[in-house]
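First the structure, in the form of structure tokens, and then the observations on it.
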Amino acid sequence: SYNGGEMNGTSKMMDFLEEPLPGVGTYEDFNTIDWVREKSRDRDRHREITSRSKESTWALIHSVSDAFSGWLLMLFIGLLAGSLAGLIDISAHWMTDLKEGVCLAGFWFNHEHCCWKSNTTFTDRDKCPEWKSWSQLIIGHGEGAFAYILNYLMYVIWALLFSLLAVLLVKGFAPYACGSGIPEIKTILSGFIIRGYLGKWTLIIKTITLVLAVSSGLSLGKEGPLVHVACCCGNILCHLFTKYRKNEAKRREVLSAAAAAGVSVAFGAPIGGVLFSLEEVSYYFPLKTLWRSFFAALVAAFTLRSINPFGNSRLVLFYVEFHMPWHLLELVPFILLGIFGGLWGAFFIRSNIAWCRRRKTTKLGKYPVLEVFVVTAITAILAFPNEYTRMSTSELISELFNDCGILDSSKLCEYVNDFNSTKGDDLPDRAAGPGVYTAMWQLALALIMKVFITIFTFGMKVPSGLFIPSMAVGAIAGRLLGVAMEQLAFYHHDWVIFSGWCSQGADCITPGLYAMVGAAACLGGVTRMTVSLVVIMFELTGGLEYIVPLMAAAMTSKWMADAIGREGIYDAHIRLNGYPFLEAKEEFSHKTLAMDVMRPRRNDPPLTVITQDSMTVEDVETIINETTYSGYPVVVSRESQRLVGFVLRRDLIISIENARKKQDGIVSTSIIYFTDHSPPLPPSFPSMLKLRSILDLSPFTVTDQTPMEIVVDIFRKLGLRQCLVTHNGKLLGIITKKDVLKHIAQLANQDPDSILFNWQ
């Protein structure tokens with residue numbers, strides 16, 4: 001409002017911010033949100049809606065719709081995420097099979113769908129006449145060396161074509177579409193702003209390139225990127241509802257639920273998805289978000305199932321039906337698998353981070369297309385000769401989890417036949433036949449290949465998930481150990497470890513169970529998941545009675561990996577990229593004080609401050625232009641340094657620009673004041689600018705003697721951007737989130753300048 005008559009007629013003043021300006025209270029790119037301010041705004045908005053609901057019927061309807069909008073948004077997220085996941089799943093299956101051949105009945109059918117109506121026998125169900133390999137299509141037959149070379153060549157060409165298309169689309173249209181996305185989503189959910197990371201272009205390109213990357217046969221999965229896709233859906237749909245569009249904290253509640261929906265469509269695991277979001281990615285997860293996340297995850301899972309009911313994305317991704325319970329003594333090999341999983345996880349994280357760091361610091365990072373080409377070529381050339389690396393990773397895991405039955409034609413089930421003691425589908429432990437031994441060395445080669453090739457694949461400039469490759473490594477190791485235990489029990493059933501529970505001819509050892517436990521162990525070793533991992537594995541397989549072996553392996557792998565290095569793969573990539581993520585799980589045990597961390601330090605220039613009623617527009621603009629800080633403390637005067645509040649740089653810029661354009665009398669010599677009443681000035685002075693409405697009158701403060709242990713806890717639990725340091729009420733300095741992270745890095749003997757982004 002413009003006031004020219006009051007104040008003894010001596011000056012003109014204005015407080016045009018009674019109505020909020022567009023942009024005030026928003027954040028710039030690569031900045032941290034103010035959780036306290038966002039939650040306070042939402043409480044004020046909710047109180048206003050509640051009070052107005054008693055005034056009229058329309059206001060009551062608005063109040064009800066506001067309360068219901070969260071559930072409606074979850075419904076939309078579940079429907080969109082499930083639909084996109086179904087599209088990705090169907091397309092990836094078709095394009096994966098396209099590398100090996102085409103369906104004559106319709107080129108849009110994958111191998112499995114092509115042979116549905118075929119009259120072939122059960123054992124030859126994959127060799128139907130409707131499906132033709134590339135050699136059969138080009139030269140008329142599929143036998144002989146030339147046909148093999150032709151199929152080999154077509155496999156490599158298709159793989160290279162798919163991967164090159166993926167990397168070129170990512171590089172040209174959406175650089176944020178590469179990678180897993182989970183490290184960045186964890187950072188965003190902690191309050192960091194990365195503009196465009198969850199935007200529409202990222203969603204479109206990630207959806208397309210995820211299909212291409214998975215179909216190329218690279219050692220990666222679509223499960224992690226599906227979390228990114230679901231969060232993009234959540235972020236875009238937030239714009240339909242004002243309370244989520246205008247409040248960054250509320251939006252992050254939605255993104256937490258979207259992450260749960262992403263895991264749900266990735267694995268068909270709604271409960272595990274919610275637990276994953278709670279345990280692994282979310283920073284703020286209130287109770288209402290828990291129930292809304294579960295609702296979104298359920299909607300997403302059922303939407304996916306309705307779109308693709310016969311694919312691998314049915315309600316149970318890797319359904320298992322083991323006919324014999326596990327024995328207590330088998331916990332020993334299960335724990336050994338846990339140790340292997342922990343060692344693999346620690347080895348993978350160290351090797352992958354070293355490779356990614358080399359990629360960032362050398363010329364290698366300047367040629368992402370060449371890197372993808374070379375890795376794809378090596379992967380395809382090594383994968384084709386081995387049937388266990390040629391098939392998709394999901395199919396491989398499904399086969400490794402399988403418990404051999406009478407009708408199984410897989411090499412893994414080619415035992416020396418002895419059906420004298422067979423009851424139904426139950427088969428006794430038998431001597432391994434030639435097929436099993438062939439499968440074992442092929443699986444051993446596949447294990448070596450996947451262990452090393454995954455290190456170089458994860459982190460390339462294409463969408464790449466780590467869940468399925470990690471599970472594949474563990475499943476192969478588990479199946480190898482399971483078959484070894486089975487043969488040991490068959491040939492040495494009289495040993496002490498087998499006597500009493502494994503007699504000759506009995507069905508004692510289930511190799512598929514070992515594969516399942518190994519998969520959980522390796523995934524846990526890489527991600528350090530525990531409870532959510534066990535629940536996801538239970539929902540993946542439907543094996544409720546195997547929770548104890550899964551938990552034993554998961555905990556052992558976590559302990560083993562933690563003994564070597566504390567960080568999981570996502571936390572390691574957060575640190576590698578310099579993201580401002582303050583890990584809530586780590587304890588701060590050092591005895592430093594706030595005065596040791598605050599700025600300015602000794603010999604530094606004094607702290608930049610704004611006085612409450614004595615600086616002109618020109619003075620404030622000079623401070624803004626000469627510094628890059630995200631905000632400034634407001635004090636009574638430079639002499640007293642008594643703290644009044646804190647004002648954000650972005651709010652100051654927007655407010656001054658709007659005042660110059662829209663209000664008469666505002667010039668460079670106009671006084672800016674943050675008090676309730678304007679300071680007394682001569683009549684000749686120009687109009688004054690009142691900016692009290694953008695001033696935070698209750699900034700968080702600590703004394704200079706506050707232990708940093710408490711300061712770190714405050715930053716973690718309240719999500720602060722900055723904290724002011726005082727002594728007897730006088731302002732001494734400021735501690736930002738970046739200062740805290742640098743201090744923690746320094747105490748851990750890490751490079752404090754690894755916090756790469758210029759954020760506040």
Side-chain angles (χ1 to χ4, degrees), residues 73-89 92 176-189 197-200 202-207 209-211 213-214 220-238 251-283 285 289-290 292-305 307-308 312-313 315 317 394 463-468 471 523 527 529 532-533 535-536 539-540 570:
L73 180 55
M74 294 303 113
L75 176 66
F76 290 161
I77 290 171
L79 290 172
L80 183 56
S83 301
L84 288 176
L87 177 66
I88 290 168
D89 198 47
Y176 283 152
C178 67
S180 163
I182 292 180
E184 288 78 10
I185 287 167
K186 283 187 73 168
T187 308
I188 289 170
L189 288 178
Y197 197 83
L198 301 177
K200 59 181 181 298
T202 303
L203 173 63
I204 293 168
I205 298 301
K206 186 116 186 181
T207 302
T209 54
L210 180 54
V211 173
V214 170
L220 49 81
K222 61 180 182 293
E223 287 66 29
L226 278 175
V227 176
H228 188 185
V229 167
C231 286
C232 287
C233 295
N235 184 61
I236 292 167
L237 291 170
C238 275
R251 187 180 302 191
R252 275 151 182 76
E253 292 180 23
V254 173
L255 295 180
S256 293
V263 176
S264 178
V265 294
F267 293 110
I271 301 173
V274 175
L275 290 175
F276 175 82
S277 180
L278 175 62
E279 182 183 0
E280 285 299 312
V281 299
S282 294
Y283 198 84
F285 204 87
T289 303
L290 177 73
R292 289 177 180 176
S293 299
F294 186 58
F295 176 67
L298 275 178
V299 172
F302 279 105
T303 302
L304 176 58
R305 185 173 185 253
I307 291 174
N308 189 22
N312 274 350
S313 297
L315 281 183
L317 184 59
S394 294
S464 54
L466 195 57
F467 282 31
I468 289 295
M471 289 177 65
L523 184 55
T527 63
M529 295 158 55
S532 58
L533 170 61
V535 175
I536 287 172
E539 290 185 277
L540 268 176
Y570 301 128

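We're numbering straight along the sequence, starting at 1.
- For the pair Glu279 and Leu533, the minimum side-chain heavy-atom distance is 4.5 Å or more.
- Rounded to the nearest 0.5 angstrom, Ser394 OG and Ile468 CD1 are separated by 4.5 Å.
- Looking at Thr527, its side chain does come within 3.5 Å of a backbone N or O of Leu523 through a donor-acceptor pair.
- Closest heavy-atom contact between Ala177 and Lys206: O-CD, 3.1 Å.
- Atom CD1 of Ile204 and atom OG1 of Thr209 lie 11.5 Å apart (nearest 0.5 Å).
- To the nearest 0.5 Å, atoms CD (Glu253) and CG (Leu189) are separated by 11.0 Å.
- A 4.5 Å side-chain heavy-atom check between Phe302 and Pro270 finds every atom pair outside the cut-off.
- In this structure, Val274 and Ala297 approach most closely via the heavy-atom pair CG2-CB, 4.5 Å.
- Within the 3.5 Å criterion, the main-chain N or O of Ile188 finds a donor-acceptor partner in the side chain of Arg252.
- Under a 3.5 Å cut-off, the side chain of Lys186 and the backbone N or O of Glu280 do form a donor-acceptor pair.
- The two residues Gly272 and Ile536 come nearest to each other via the heavy atoms CA-CG1, 3.7 Å.
- Of the inter-residue distances, the one linking Leu198 atom CG with Glu184 atom CD reads 10.0 Å to the nearest 0.5 angstrom.
- Inter-residue side-chain proximity for Leu87 and Ile307 is flagged as unmet; no heavy-atom pair is nearer than 4.5 Å.
- With rounding to the nearest 0.5 angstrom, the SG atom of Cys232 is 9.5 Å from the CG atom of Leu255.
- Between His228 and Tyr197, the angle of the ring planes stays under 30°, which puts this pair in the parallel group of the 30/60° scheme.
- Under 3.5 Å, the side chains of Thr303 and Ser83 contain no donor-acceptor pair of N or O atoms.
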> Passes side-chain contact (heavy atoms from CB on, under 4.5 Å), Asp89 versus Lys222? Steps please.
Replying inline: CA-CA 9 Å; Asp89 198 47; Lys222 61 180 182 293; 3.4 Å; yes

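- Side chain of Thr207 to backbone of Leu203: a donor-acceptor contact under 3.5 angstrom is found.
- Nearest heavy atoms, Val254 versus Cys238: CG1-SG, 3.6 Å.
- The CG atom of Leu210 lies 12.5 Å from the SG atom of Cys178; values are rounded to the nearest 0.5 Å.
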>> Is there a side chain to side chain donor-acceptor pair (under 3.5 Å) between Ser282 and Ser277? Walk through the geometry before answering.
In response: CA-CA 6 Å; Ser282 294; Ser277 180; 3.0 Å; yes

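- Nearest heavy atom pair, residue Ala92 against residue Val211, reads N-CG1, 3.8 Å.
- Closest of all the heavy-atom pairs between Phe276 and Ile182 is CZ-CD1, 4.0 Å.
- The aromatic rings of Phe267 and Phe467 lie parallel to each other, with less than 30° between the two planes, well short of the 60° mark.
- Residues Val299 and Met74 are not in side-chain contact: their nearest non-hydrogen atoms beyond the backbone lie 4.5 Å or more apart.
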